[in-house]
Amino acid sequence: MPYSHSVGTALVAALAAWLIIENGFGRAVLGRAVGLGIMSHLILDLVTHGHDIVLWPGLPSPKLGLGLYEAAPFAAFIIEFAYGIFCWRVYRGGRGLLALIVIGNLANLSFLSPAIPGPEYYFAGLPLVVVTVVFVQIVVTLVLIGVLARRV
Ligand SMILES: [Zn+2]
């Protein structure tokens, strides 16, 4: 993932999102939240990914990542799950948002370890299908978060 998961890409994306949302749309708090969200994704990736995060697109080394997905997938699950709960607490989200965090993390369990059976069994040898499923999952999750995070 040389482009989407480099330290530089995350920094530029976080800064751009923050500045565009804050200055372009006048939503300062939202801009900072999106920027922090992008940076927190990088930090979680640095902990969980296995030596595949470069500093900048095109730079062959160093490749960063502690590799918890491979070495200790359940520890990666606990860290990501705990981070989701932490964000929910900071945001003071409702029960629907908490349910989405719990269900979403549990639904990802089979992706973290081959020992846990899941739908990815049907995607073996079909990398474009995997990417498409992950993309759809991201979009659906973002929409659900947007709906469930609304304050009534
Ligand atoms: Zn990532």
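Numbering of ligands and ligand atoms starts at 1, following listing order.
With sequence neighbours excluded, the residues forming a ring-ring contact (aromatic ring centres under 6.0 Å, His included) with Phe77 are Phe74, Phe81, listed by chain and number.
The N, O or S atom of His41 with the smallest distance to the Zn ion (ligand 1) is NE2. The N, O or S atom of Asp45 lying closest to the Zn ion (ligand 1) is OD2.
Applying the side-chain hydrogen bond (donor to acceptor under 3.5 Å, both in side chains) test to pairs two or more places apart or on separate chains, those with a residue in residues 14-36 are Trp18-Glu22, Glu22-Arg32.
Look at His49 and the Zn ion (ligand 1): no N/O/S atom of the residue is under 2.8 Å from the metal.
Side-chain atoms of Thr9 never come within 3.5 Å of backbone atoms of His5 as a donor-acceptor pair (strictly under, hydrogens ignored).
Classified by interplanar angle (parallel below 30°, tilted 30° to 60°, perpendicular above 60°), the ring pair Tyr69/His49 is tilted.
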